[in-house]
Peer 1: 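Dropping the structure in here first, questions after.
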Amino acid sequence: MIRRIAVLTSGGDAPGMNAALRAVVRTGIERGWEVFGVNHGYTGLIADDMAPLSRRDVGGIMGHGGTILGSARCPEFRTEEGRRKALAVLARRDIQALVVIGGNGSQGGAAAFSQMGFPVIGVASTIDNDLVGSDITIGVDTALNVVLEAVDRLKVTASSHQRAFLIEVMGRECGYLALMAGIAGGAEAIAVPEVETDPQEIADSIRVAYERGKPHAIIVVAEGARYNAAGLAAYFQAHAELGFDLRVTILGHVQRGGAPSAFDRLLATRLGAAAVERLAAGEHGVLIGWIKSEIAVTPLSQVVGRRKPLDVDLLQLAHILEK
Ligand code: F6P
């Protein structure tokens, strides 16, 4: 019987984490549980840095990006010794279950912890959108809109000066943000890690755009692509004549901050509430995600060590549209 749970946010923060936390706390309290908020992810768990949260403690946080609990990447939790320390903390505090709001690495920790016998449930949250078990994860919509606004703005200044812009976006090994922002932003070229890029092909298409009189050229590249912004810029400088003058913008962490969109607040609220509901029903060792506009429950063992494939058909469409 659950009487007390803990919740933490882990890995790269994502807009909407606070809404998920609020939902976990309030639906947990509704069931008569005590809900402990763990500070700074698994690091805080190992260090026993946690406190009970009331309904009021999570009031007014929905519209804020980041996470009020703080987040961290915790190498110690990857070791069995680190996880044993965390188990001891949870036992001492008489906590029966743990909710982990986070992305791939964090759910890997959740899976390992679950295999040691502790009831854990994951909530899919990362701007990268690379998690198996969720069509879309908490934070993606907001991050994508931040990227898109940047692309639109850069296109304006590019047009004024007849320039080409290389815009690098986050996503680790996943090209989702680059692909979607490239399509929605009308980019002339897109480079993602999942598909081999020929830098000369990109250079040729930018040159053609220049010769056809386009006032700008936008190339959206994923940070994890073999040719990221630095790689492509170096290649162009050594081997290509684009016509356009070239500028490089690396968007970086600006993509992670910011107020969560309505979509992310609603998604996070549903996933957080579903995590509590499933725990109450006796389920654990699973990831709560969103597939085909419904809550989806996937065993963590099927989530870890995998990466959601990119929709390569969309990349083909982008190639047709960019000419
Ligand atoms: O996983 C989210 C993410 O923002 C990735 O897109 C990026 O590669 C990474 O985190 C950056 O990590 P950090 O914030 O630790 O520099």
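The structure displayed is predicted, hence computed values, not measured ones.
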Peer 1: Determine whether Asn228 and Glu168 satisfy the following criterion, side chain to side chain contact (heavy atoms under 4.5 Å, CB included), listing intermediate values before the conclusion.
Peer 2: CA-CA 7 Å; Asn228 60 8; Glu168 184 177 290; 3.3 Å; yes
Peer 1: Which atom pair, heavy atoms only, marks the closest approach of Val7 to Leu69?
Peer 2: O-CD1, 3.7 Å
Peer 1: Any salt bridge between Asp48 and Arg93, counting N to O under 4.0 Å?
Peer 2: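 Counted as a salt bridge, because a side-chain N and a carboxylate O are separated by less than 4.0 Å.
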Peer 1: Below 4.5 Å, heavy atoms only, C-beta onward: do Val248 and Phe165 meet side chain to side chain?
Peer 2: no
Peer 1: Let me check something: do Leu317 and Val195 share a hydrophobic cluster, defined by ILVMFWY side-chain heavy atoms less than 4.5 Å apart, either directly or through other members?
Peer 2: yes
Peer 1: So which of Arg278, Arg270, Glu277 actually passes side-chain contact (heavy atoms from CB on, under 4.5 Å) with Ile288?
Peer 2: Arg278
Peer 1: Any chain of hydrophobic side-chain contacts (each under 4.5 Å) joining Val221 to Leu179?
Peer 2: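 Looking at the clustering, Leu179 is in a separate group from Val221.
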Peer 1: If we ignore hydrogens and angles and just use 3.5 Å, is the side chain of Gln255 paired with the main-chain N or O of Gly252 as donor and acceptor?
Peer 2: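 Looks like yes, one N/O pair under 3.5 Å.
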Peer 1: When clusters are formed by joining ILVMFWY residues with side-chain heavy atoms under 4.5 Å apart, either directly or through shared neighbours, do Ile167 and Ile183 land in the same one?
Peer 2: yes
Peer 1: Should Asp94 and Arg3 count as an ion pair when the cut-off is N to O under 4.0 Å?
Peer 2: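 Result for this pair is yes, salt bridge flagged.
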Peer 1: Which pairs, with at least one residue in residues 43-85 and sequence neighbours excluded, count as a ring-ring contact (aromatic ring centres under 6.0 Å, His included)?
Peer 2: Tyr42-Phe77, Phe77-Phe113
Peer 1: Salt bridge (charged side-chain N to carboxylate O under 4.0 Å, His left out) with Asp130: which of Lys308, Arg307, Arg306?
Peer 2: Arg307
Peer 1: Between atom OG of Ser106 and atom CG of Leu131, what is the distance when rounded to the nearest 0.5 Å?
Peer 2: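 Rounded to the nearest 0.5 Å, the OG-CG separation comes to 9.0 Å.
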Peer 1: Check whether any side-chain heavy atom of Thr137 lies under 4.5 Å from a side-chain heavy atom of Ser125, and answer yes or no.
Peer 2: no
Peer 1: What's the shortest heavy-atom distance between Ile190 and Ala178, and which atoms?
Peer 2: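 It is CG2-O, 4.0 Å.
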Peer 1: Tell me whether Glu76 is salt-bridged to Lys85, with the criterion being a basic N under 4.0 Å from an acidic carboxylate O.
Peer 2: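 Yes, Glu76 and Lys85 are salt-bridged.
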Peer 1: Quick test of your reading of the model: are Asp245 and Arg247 salt-bridged, counting only N-O distances below 4.0 Å?
Peer 2: yes
Peer 1: Do side-chain atoms of Asp204 reach the backbone of Glu201 as a donor and acceptor pair under 3.5 angstrom?
Peer 2: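 No.
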Peer 1: Please confirm whether the backbone N or O of Val156 pairs with a side-chain atom of Ser160, one donor and one acceptor, at under 3.5 Å?
Peer 2: yes
Peer 1: Would you indicate whether Arg55, at its atom CZ, is surrounded by more than 12 heavy atoms from other residues, nucleotides or ligands within a distance under 6.0 Å?
Peer 2: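 Yes - once you tally the heavy atoms of other residues, nucleotides and ligands closer than 6.0 Å, there are more than 12.
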Peer 1: Flag the pair Leu166 / Thr249 as yes when at least one side-chain heavy-atom distance between them is below 4.5 Å, and no otherwise.
Peer 2: no
Peer 1: Do Ile250 and Val254 land in one hydrophobic cluster if side-chain heavy atoms of ILVMFWY residues count as linked below 4.5 Å?
Peer 2: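 Each belongs to a different hydrophobic cluster.
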Peer 1: Please find the pair of heavy atoms, one from Asn104 and one from Val303, that lie closest to each other, and give the distance.
Peer 2: OD1-O, 4.3 Å
Peer 1: Between Arg26 and Glu30, does any NZ, NE, NH1 or NH2 come within less than 4.0 Å of an OD or OE carboxylate oxygen?
Peer 2: no
Peer 1: Give the C-alpha distance, both sets of side-chain angles, the deciding distance and a yes or no for salt bridge (charged side-chain N to carboxylate O under 4.0 Å, His left out) between Lys214 and Glu188.
Peer 2: CA-CA 10 Å; Lys214 279 207 180 192; Glu188 274 64 34; 2.8 Å; yes
Peer 1: Measure the CZ-CZ distance between Arg22 and Arg265 for me, rounded to the nearest 0.5 Å.
Peer 2: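 With rounding to 0.5 Å, CZ (Arg22) is 10.0 Å from CZ (Arg265).
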Peer 1: Count the heavy atoms of every other residue, nucleotide or ligand shown that sit under 6.0 Å from CD of Glu81, and state whether that count exceeds 12.
Peer 2: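 For Glu81, atom CD is not crowded (no more than 12 foreign heavy atoms under 6.0 Å).
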Peer 1: Quick one: closest heavy-atom pair of Thr43 and Cys74, and the distance?
Peer 2: OG1-CB, 3.4 Å
Peer 1: Hydrogens and angles aside, do Asp13 and Ser71 bring a side-chain donor and acceptor to less than 3.5 Å of each other?
Peer 2: no
Peer 1: Minimum heavy-atom separation for Ala273 and Ala23, please, with both atom names.
Peer 2: N-CB, 3.8 Å
Peer 1: If we only count heavy atoms from C-beta on, is the Asp128 to Arg172 side-chain gap below 4.5 Å?
Peer 2: yes
Peer 1: For the residue pair Leu279 and Val99, establish whether any side-chain heavy-atom pair is separated by less than 4.5 Å.
Peer 2: yes
Peer 1: Atom CZ in Arg84, atom CE in Met116: separation rounded to 0.5 Å?
Peer 2: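 Reported to 0.5 Å precision, the distance equals 3.5 Å.
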Peer 1: Decide yes or no for Ile219 and Tyr227: does some side-chain heavy atom of the first lie under 4.5 Å from some side-chain heavy atom of the second?
Peer 2: no
Peer 1: Applying side chain to side chain contact (heavy atoms under 4.5 Å, CB included) to Leu21 and Met17, what does each step give before you reach the verdict?
Peer 2: CA-CA 6 Å; Leu21 171 67; Met17 277 182 158; over 6 Å; no
Peer 1: Rounded to the nearest 0.5 Å, how far does OG1 of Thr126 lie from CD of Gln107?
Peer 2: 10.0 Å
Peer 1: Between Glu223 and Pro193, is there a side-chain heavy-atom distance shorter than 4.5 Å?
Peer 2: no
Peer 1: Give the C-alpha distance, both sets of side-chain angles, the deciding distance and a yes or no for side chain to side chain contact (heavy atoms under 4.5 Å, CB included) between Ile5 and Phe36.
Peer 2: CA-CA 6 Å; Ile5 66 168; Phe36 278 68; over 6 Å; no
Peer 1: Consider only side-chain N and O atoms of Asn145 and Glu149, and report whether a donor and an acceptor are under 3.5 Å apart.
Peer 2: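 Not at all, the side chains of Asn145 and Glu149 share no donor-acceptor pair under 3.5 Å.
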Peer 1: Looking at Lys155 and Gly185, would you say the former's side chain and the latter's main chain have a donor-acceptor pair under 3.5 Å?
Peer 2: yes
Peer 1: Check for me, please, whether Val146 and Ile138 land in the same ILVMFWY cluster - side-chain distances under 4.5 Å, paths through other members count.
Peer 2: no
Peer 1: Do Val297 and Glu283 pass the side chain to side chain contact (heavy atoms under 4.5 Å, CB included) test, and can you show the C-alpha distance, the side-chain angles, and the key distance before you say yes or no?
Peer 2: CA-CA 9 Å; Val297 182; Glu283 277 182 76; 3.5 Å; yes
Peer 1: With sequence neighbours excluded, tell me which residues meet side-chain hydrogen bond (donor to acceptor under 3.5 Å, both in side chains) with Thr67.
Peer 2: Thr9
Peer 1: Which heavy atom in Gly289 sits nearest to a heavy atom in Ser134, and how many Å separate them?
Peer 2: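 Heavy-atom minimum between the residues: CA-OG, 3.4 Å.
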Peer 1: Drop me the distance from Leu310's CG to Met180's CE, to the nearest 0.5 angstrom.
Peer 2: 6.5 Å
Peer 1: Closer than 3.5 angstrom, by distance alone: can the side chain of Asp264 be matched with the main-chain N or O of Thr142 as a donor-acceptor pair?
Peer 2: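 Confirmed, Asp264 side chain pairs with Thr142 backbone.
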Peer 1: Taking Thr157 for the side chain and Leu154 for the main chain, is one N or O donor matched with an acceptor at less than 3.5 Å?
Peer 2: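 Checked: no pair found.
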Peer 1: In terms of heavy-atom contacts, does OH of Tyr210 have more than 12 from other residues, nucleotides or ligands at under 6.0 Å?
Peer 2: no
Peer 1: Working to the nearest 0.5 Å, report the span between CG of Leu8 and CG of Leu45.
Peer 2: 6.0 Å
Peer 1: Keeping Asn39 on the side-chain end and Gly44 on the backbone end, is there a donor-acceptor pair under 3.5 Å?
Peer 2: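 Absent.
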Peer 1: Are side-chain heavy atoms of Asp49 and His40 found at a separation under 4.5 Å?
Peer 2: yes
